[in-house]
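One structure, as structure tokens, below. Some questions next.
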There are 2 protein chains.
Amino acid sequence: MHKIDLFLIMFVHSFIMASNITIVELASALGLSKSTVSRAFRDNQDINPRTKERILEKAKELGFSPNLYASNLRGSKSQTIAIIIPEFGNKFFSQAIKGIEWVARSNGYHVLIYVTDHNAVKEAEIIQTLVNGRVDGVIMSGSGEGNSHEYLKLLEYNKVPIVFFDRYYEDVPTACVTGNDFDSSYEATKHLIENDAKRIAYLAVNKDVSIGRIRMEGYKKALHDAALPIDDRLILDTSNEAVINYEDIRELILNEKPDAIFASVERLAMSTIRVAKALNLTIPNDLKLICFSCLDIADMLQPALSVVKQPAYEMGIQATTQLFDILCGRKQGGVREIVFLDSELIFQASSTKA
Amino acid sequence: MHKIDLFLIMFVHSFIMASNITIVELASALGLSKSTVSRAFRDNQDINPRTKERILEKAKELGFSPNLYASNLRGSKSQTIAIIIPEFGNKFFSQAIKGIEWVARSNGYHVLIYVTDHNAVKEAEIIQTLVNGRVDGVIMSGSGEGNSHEYLKLLEYNKVPIVFFDRYYEDVPTACVTGNDFDSSYEATKHLIENDAKRIAYLAVNKDVSIGRIRMEGYKKALHDAALPIDDRLILDTSNEAVINYEDIRELILNEKPDAIFASVERLAMSTIRVAKALNLTIPNDLKLICFSCLDIADMLQPALSVVKQPAYEMGIQATTQLFDILCGRKQGGVREIVFLDSELIFQASSTKA
DNA sequence: CTGAAAGCGCTAACAG
DNA sequence: CTGTTAGCGCTTTCAG
């Protein structure tokens with residue numbers, strides 16, 4: 001028998017009973033009062049260490065654990081946080097969630113997950129379900145829609161702190177962990193220019209909101225510094241829908257004949273590759289390409305894809321750490337404070353001249 | 001102003017108050033009793049529709065929503081389910097979670113997420129935190145470790161139904177939604193044979209547990225039917241760790257000189273591609289490759305990767321639908337019942353002879 | 001250090 | 001259809 005199986009069998013053995021048992025039953029099984037038993041499960045020093053030990057042992061034996069809802073009703077906390085993200089589609093969010101889940105569990109917290117599909121109305125509805133005590137805090141990457149985010153005030157009124165990661169709202173004063181997008185966009189664009197690109201297109205899913213805007217600014221600055229014209233026709237504001245953005249990108253390439261593309265999100269780069277293939281354009285010869293992406297197999301693509309790789313996992317960790325700082329009173333909530341984490345620029349064949 | 005912003009502003013306007021208000025206060029504000037108010041928030045027909053409307057309106061005005069913990073304590077239901085998965089690494093799980101989240105939210109449920117890192121001990125610990133009423137049901141893809149899963153009895157004792165997807169435990173009697181892995185493995189292997197492969201290696205992360213075993217059986221059957229020998233040295237049981245499986249695969253290729261590889265999980269195929277590159281082996285000429293994967297850009301890899309693509313999203317949807325069938329009493333829990341969903345076989349350059 | 005007692009906010013008989 | 005009432009299981013004063 002494997003060691004691990006032995007452990008698992010012992011594990012379940014300690015808990016073999018149903019836990020429909022309540023604190024009162026446990027108390028009477030020990031000849032104590034329920035208050036004493038209760039104290040054993042809190043960090044209460046008004047209890048004899050030996051009594052506490054005895055209680056915990058018996059609890060394990062009988063499979064007792066304090067009813068979650070009774071304790072929470074009595075005014076303590078939910079030990080739960082929520083993650084709200086716009087989508088599940090890419091490695092960036094998977095990695096970030098992994099980091100968030102890890103920090104949360106290390107702190108004994110549970111994690112609820114919500115997906116907005118980039119839809120601000122859904123986002124607002126989700127927020128609404130969180131303010132009745134369900135969660136102690138929220139980690140969010142904004143849907144990117146809408147200019148007014150007053151609905152986040154609901155959280156504030158209910159004293160539920162929120163920390164943004166990646167996509168934040170500029171009108172909401174709170175902590176935020178994001179990438180050094182301006183700089184990396186500048187560098188990515190500069191790199192394209194150094195590889196002889198003259199007509200560089202910028203693709204975004206929403207060029208007016210946080211990441212879409214900032215990444216565009218880095219792009220524009222690089223063009224400006226290289227004395228290249230900024231041509232609005234080369235700036236495409238398209239959709240998350242693969243079908244739609246494929247068509248938009250196709251139009252852009254056919255009409256504007258860019259010689260390079262800087263995609264602010266991974267999905268748009270993937271569509272670009274498909275469009276290029278369909279139009280018989282070779283990357284990088286006919287069209288250079290670089291994009292924001294956390295894909296770990298970018299080097300296996302044909303051609304190897306140049307990427308701006310954000311530290312997604314780290315971003316999740318830091319955002320959650322900050323949330324716990326606020327929850328534990330080590331730090332004040334509701335204060336605008338942005339932490340920028342450096343992305344890694346990986347230049348490969350897709351953006352490099354022959 | 002955008003239509004959506006208008007909506008969002010109206011939305012928050014209806015909820016501008018903090019919700020520290022209780023059912024009693026709302027009741028007295030309306031000159032009603034708290035039971036009547038309570039009824040307005042349940043699906044109770046013992047209430048005048050007009051009264052109900054009046055209550056809901058006032059509630060909205062005052063920003064009242066029923067305290068989660070009080071209702072749950074009273075009704076002992078949490079409106080929450082848990083997803084437990086071994087990892088976040090690939091598209092398969094992202095897609096499945098997306099499906100699960102969607103069904104859950106459509107039913108007004110919340111979703112907790114837990115990652116086991118393929119570790120059965122963590123899995124057991126997580127289960128332990130779920131049986132105090134925190135969740136009404138569990139959707140899980142097993143860690144794949146351990147042969148004894150007695151700890152899942154905890155759920156049974158506490159009447160928390162569980163539905164497996166993808167990776168199930170054969171010793172746990174419950175509903176399960178998985179792929180038709182035997183058949184697709186058979187077909188995938190047969191396809192390699194038809195493309196002149198003679199020494200086909202099989203890679204798994206755990207060949208003794210559900211998916212690892214069944215996929216291997218399909219592979220063996222195909223070899224057998226083609227009168228090819230089954231050589232245990234061509235069957236590799238390796239780790240999830242990229243560093244370790246890279247080394248294992250390298251050894252296998254160097255020592256056994258397979259002419260084709262069938263990888264039962266995506267990660268092992270990726271390592272194979274890297275090993276092949278390092279050893280200067282060309283895919284498919286020197287080594288053919290096919291694997292289980294939900295990668296949506298398999299066709300963009302160099303060479304385009306042949307895959308067995310499981311219906312991950314659909315799997316999430318069906319597993320969750322079944323869970324709700326059990327929760328709503330439309331179906332009995334604790335009964336072994338496996339639903340097999342067809343995978344799609346996509347043959348591309350990586351597995352095809354010149 | 002331990003126990004008794006008073007609710008937390010809500011739901012569901014039960015009685016009108 | 002509406003109100004009264006008795007808890008759900010736990011935490012936390014307040015006395016001993």
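Note on naming: letters A, B, ... go to the chains in the order of the sequence lines (proteins, then strands), and numbering restarts at 1 for each one. The figures that follow rest on heavy atoms only: side chains count, while hydrogens, waters and symmetry mates do not.
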Query raised in the report: For D:dT2, does OP1 or OP2 lie under 4.0 Å from any side-chain N or O of B:Thr51?
Result: yes
Query - B:His118 versus B:Glu87, side-chain donor and acceptor atoms under 3.5 Å - result: yes
Query - Rounded interatomic separation in angstrom, taking CD1 from A:Ile47 and P from D:dT12 - result: 14 Å
Requested in this report: Would you kindly give the NZ-to-C1' distance between B:Lys34 and D:dC8, to the nearest whole Å?
Outcome: 12 Å
Query raised in the report: Hey, is the side chain of B:Thr36 poking within less than 4.0 Å of OP1 or OP2 on D:dG3, counting only N and O atoms?
Result: yes
**Report entry** side-chain contact (heavy atoms from CB on, under 4.5 Å) between A:Ser94 and B:Phe93, worked out
**Finding:** CA-CA 9 Å; A:Ser94 317; B:Phe93 287 113; over 6 Å; no
**Report entry** Phosphate OP1/OP2 of D:dT4: any B:Ser33 side-chain N/O under 4.0 Å
**Finding:** no
Query raised in the report: What integer distance in Å separates A:Leu73:CG from D:dG9:P?
Result: 12 Å
Requested in this report: Measure the distance from CD on A:Glu25 to P on D:dC8 and round it to the nearest whole Å.
Outcome: 11 Å
Query raised in the report: Mapping B:Asp46 and B:Tyr69 onto DNA chain C by nearest heavy atom, which one lands closer to the 5' end?
Result: B:Tyr69
**Report entry** Side-chain N,O (A:Thr22) to OP1/OP2 (D:dG9) below 4.0 Å
**Finding:** no
Report summary line: Here the distance between atom P of C:dG9 and atom CZ of B:Arg42, to the nearest Å, is 16 Å
Query - Separation of D:dT11 C1' from A:Arg74 CZ (nearest whole Å) - result: 4 Å
**Report entry** 5' priority, DNA chain C, between A:Pro49 and A:Ser35 [closest heavy atom]
**Finding:** A:Pro49
Report task. Find the distance B:Arg50:CZ to D:dT2:C1' and express it as a whole number of Å. Result -> 15 Å
